[in-house]
Amino acid sequence: MKYVNKAVRKKDAMSLVTGQPVYTDDLAPKDCLVVKLLRSPHAHALIEEIKTDTAMKVPGMVCILTYKDVPQDRFTMAGQTYPEFSPYDRLILDRRVRFVGDAVAIVAGETEAAVDKALKMIKVKYQVLEAVLDFHEAKDNPVLIHPEDNWESRFPVGADNKRNLCASAEEGMGDLEAAFAKCKYIVDKTYHTKANQQAMMETFRSYTYLDHYGRLNIVSSTQVPFHARRILGRALGIGASKVRVIKPRIGGGFGAKQTLVTEIYPAIVTIKTGRTAKLVYSRYESQICSSPRHEMEVKVRVGADESGTILAVDMFTLSNTGAFGEHGPTTVALSGHKSIALYRNTEAYRFAYDVVYTNKMAAGAYRGYGATQGIFAMESAVNELAEMLHMDPVVLREKNMIHEGDKYIAYDGSPTVTSCTLDQCMEKAKEMIGWDEKYPRREMPNGKVRGVGVAMAMQGSSIAHVDVGGATLKLNEDASYTLSLGATDMGTGCDTVLSQMAADILGTDYDNIVVFGVDTDISPYDSGSYASSTTYITGKAVAKAGEKLREKIVQMGAQMLEAERDDVTFDGKVVCRKDGQGSVTLQEIGIKGTCGNNDALQVTESCSAEISPPPFMVGMAEVEVDRETGSVEVIDYVAVVDCGTPVNPNLARVQTEGGIAQGIGMALHEDIQYTAKGQMQNNSFMQYKIPTRLDVGKIRVEFQPSYEKSHPFGAKSIGEIVIDTPCPAIAAAVYNATGVRVEEMPIKPEKIAMGILNKY
């Protein structure tokens with residue numbers, strides 16, 4: 001291959017580094033109506049009265065909408081394939097507000113100053129209700145978050161709004177208690193991860209307008225354009241056919257933009273006024289009313305026999321979906337399916353969960369999507385088990401980890417392991433960090449102490465039997481190709497990776513592939529950029545389209561040469577007769593494809609997946625701890641990843657480095673806190689600390705490729721798995737350094753300092 005597995009430059013590199021206007025707000029017309037939202041100061045309340053007449057007198061005001069002015073059919077903002085697993089529990093505006101920051105009124109005006117003034121003049125009388133803020137107390141609480149009769153769950157996920165349940169289930173295999181009876185060593189612990197903000201550079205933003213056909217056009221920073229079209233059609237009561245969604249460049253998403261956080265509000269303004277409208281969230285709004293990671297508490301019981309063979313796993317996850325159920329039923333499943341499945345010898349397991357509503361900001365999708373929380377719990381428990389066994393945690397994993405050809409336990413994406421180099425990843429990571437010399441701890445000359453820790457992880461490559469990738473390839477008159485995608489490049493470089501695949505299949509230059517971004521009127525259907533699906537599932541669609549277009553080119557060339565198909569060859573530039581009696585160039589074929597031709601040189605292909613082959617990863621952390629203050633510094637983090645064939649090693653490397661940095665933030669810094677009345681305190685980057693480059697230490701990444709036979713280039717995903725190992729690896733390193741085991745993220749200095757004091 002000329003381009004696959006090569007570090008070619010990103011398609012949009014120059015436009016980004018030269019600051020060209022490519023993002024949503026850059027493209028919005030200057031005369032857009034400015035849209036902002038009046039938000040609830042209460043965690044739970046009913047609106048008794050709302051007065052907008054004085055606010056409407058502000059010069060420049062155009063409209064103010066309340067719950068009385070918008071459709072009342074419930075929907076979900078979760079960008080998921082239909083029928084959505086997430087319940088229909090949203091209204092555009094509701095009389096009942098369910099968290100501090102919930103939308104009360106939509107305010108639109110000619111200028112931001114007019115809107116800001118009007119917001120202060122709207123008078124709302126609330127009936128304040130008792131709030132449910134502790135997710136341990138939510139299930140079967142007499143206070144119902146969603147008492148309404150038109151709440152609806154369209155998929156059997158165990159949801160029950162009369163019990164504050166967004167989802168509930170239990171599954172298992174074998175005789176669990178009999179398996180535990182064989183175990184000499186059992187760890188039984190509870191681990192807690194808080195909600196985390198994706199903190200992408202570009203906040204949520206959308207603008208909307210009516211075209212000359214009267215259709216609603218949405219230009220939005222979204223990961224799920226086709227799902228957005230369907231959701232907006234339902235929510236607005238106009239049907240998906242009346243909605244067009246255009247996705248420009250995205251300034252980061254990490255899952256946050258798999259939820260329709262902003263799109264609905266300017267859309268209803270445009271429908272009501274006929275005018276272009278724009279909503280851009282401030283960082284403050286992105287902190288208090290967006291779609292962060294689900295807070296989860298994971299109780300793990302794991303047992304091993306005297307030799308260290310892990311025989312039984314019992315896991316229960318309690319997940320806090322907040323005020324609404326976006327992604328609640330699906331994230332929680334990954335907490336068990338992606339962690340239990342790492343171990344091959346398990347004779348019995350049980351995995352159960354409850355996802356509960358509370359009066360806090362609704363959670364959503366975030367890189368790792370529940371696997372991050374579950375892997376923190378499972379890998380931490382395995383590290384504790386290793387200590388009980390007086391066994392090196394690397395050795396314990398080597399004894400129990402899954403291998404290629406094994407049957408999966410508790411994984412819903414495939415029956416057997418089709419590609420895996422996890423054992424080689426462990427061996428390479430151990431060598432990179434110098435595990436044998438550094439484990440478990442070292443006293444340093446400066447009085448501090450260093451420890452090392454290990455964790456491993458798996459994720460998935462799309463959702464089997466659900467996700468769809470789409471691609472259209474067209475030969476142009478100048479012998480260039482247009483690649484039209486429904487997948488969303490949100491900075492990951494999927495436009496580049498998919499172009500590399502197309503170039504190799506078509507035998508053309510990489511720069512000869514012109515990528516066209518997502519427009520739901522033109523682009524082929526694609527589920528969107530989530531579930532680590534694009535390289536794997538959309539890549540397969542690109543390959544199918546490329547092969548069929550190549551065959552069409554050969555057939556047309558043969559026709560032009562008055563030869564049979566089998567009598568010609570094609571090298572990507574010229575179709576030649578095998579007998580040497582003539583040839584036609586690709587450009588000549590391209591021209592023929594537009595003139596007097598009955599067979600267009602254009603192919604659209606879709607692809608779904610029968611399996612979801614996981615990528616695998618081993619992460620090892622070295623930390624330095626000041627025992628007097630409890631402060632932790634990440635000195636070294638090594639990661640070895642099996643993502644199949646890395647299509648673009650440079651992009652795969654920066655994906656890994658970025659995910660590890662986010663994982664370090666989750667492990668050490670990011671700490672969402674609420675007041676007793678449900679108001680978030682971390683409403684800016686002054687209070688919500690995300691790591692800078694100076695905070696993540698040295699990150700070293702290597703790849704240990706396998707070859708995934710179900711993909712034309714042997715590729716698997718990489719986008720999400722890279723965030724999964726830092727929490728358990730760093731927690732283990734801190735314990736090895738200090739003897740203090742922290743079971744709740746983040747690992748704050750005060751926890752370590754107090755733990756050391758209590759220990760000694």
Side-chain angles (χ1 to χ4, degrees), residues 1-4 6 8-15 469-487 489 494-526 538-607 647-648 712-713:
M1 292 293 133
K2 185 178 179 181
Y3 296 108
V4 169
K6 301 295 191 300
V8 304
R9 190 173 71 182
K10 288 182 70 177
K11 281 288 184 183
D12 55 358
M14 291 308 297
S15 64
T472 297
L473 270 167
K474 179 178 67 171
L475 177 64
N476 303 310
E477 305 96 303
D478 63 349
S480 67
Y481 294 93
T482 299
L483 174 60
S484 179
L485 299 169
D489 193 328
C494 75
D495 288 355
T496 299
V497 168
L498 297 171
S499 295
Q500 289 176 256
M501 296 183 196
D504 271 346
I505 289 169
L506 293 165
T508 192
D509 291 338
Y510 166 73
D511 290 335
N512 204 36
I513 305 289
V514 179
V515 187
F516 182 80
V518 186
D519 179 334
T520 57
D521 272 8
I522 302 168
S523 302
Y525 177 82
D526 194 289
T538 308
K540 291 174 75 170
V542 168
K544 284 175 67 177
E547 293 287 358
K548 288 195 175 182
L549 181 57
R550 185 183 178 97
E551 181 59 25
K552 280 194 167 192
I553 291 168
V554 173
Q555 289 179 348
M556 185 167 287
Q559 180 185 343
M560 294 170 68
L561 292 169
E562 298 181 346
E564 296 297 320
R565 160 66 182 85
D566 293 340
D567 294 332
V568 299
T569 61
F570 178 48
D571 65 0
K573 296 180 180 179
V574 179
V575 174
C576 299
R577 290 180 63 119
K578 291 180 180 178
D579 60 11
Q581 297 303 304
S583 64
V584 289
T585 66
L586 186 62
Q587 184 169 353
E588 289 172 328
I589 296 171
I591 293 170
K592 175 65 175 175
T594 62
C595 181
N597 175 46
N598 292 317
D599 189 11
L601 295 177
Q602 177 171 319
V603 174
T604 297
E605 283 294 331
S606 289
C607 186
V647 180
N648 188 314
F713 295 100

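The chain is numbered in sequence order, starting from 1.
- No option in V497, D489, V514, I513 other than I513 meets the side chain to side chain contact (heavy atoms under 4.5 Å, CB included) test with K11.
- Shortest non-hydrogen contact noted between E547 and I505 is N-CG2, 3.6 Å.
- Judged purely by distance below 3.5 Å, without hydrogens or angles, the side chains of D526 and T538 pair a donor atom with an acceptor atom.
- For R9, the CZ atom is loosely surrounded, since the number of other residues' heavy atoms within 6.0 Å does not exceed 12.
- The environment of K474 atom NZ is sparse: at most 12 non-hydrogen atoms of other residues, nucleotides or ligands sit within 6.0 angstrom.
- Looking at heavy atoms from C-beta onward, L475 lies out of side-chain contact with K552 at the 4.5 angstrom threshold.
- Across every non-hydrogen atom of G593 and N597, the tightest pair is O-ND2, 3.4 Å.
- A salt bridge links D509 with K2: at least one charged nitrogen is closer than 4.0 Å to a carboxylate oxygen.
- Minimum heavy-atom separation, D495 to S499: O-OG, 2.7 Å.
- When all heavy atoms of L549 and Q602 are compared, the closest pair comes out as CD1-N, 4.0 Å.
- Annotation for K6: atom NZ counts as buried by contact number, over 12 foreign heavy atoms lying within 6.0 Å.
- Heavy atoms of other residues, nucleotides or ligands lying less than 6.0 angstrom from CD of E564 number 12 at most.
- Here the closest heavy-atom approach between residue I591 and residue E477 is recorded as CG1-O, 3.7 Å.
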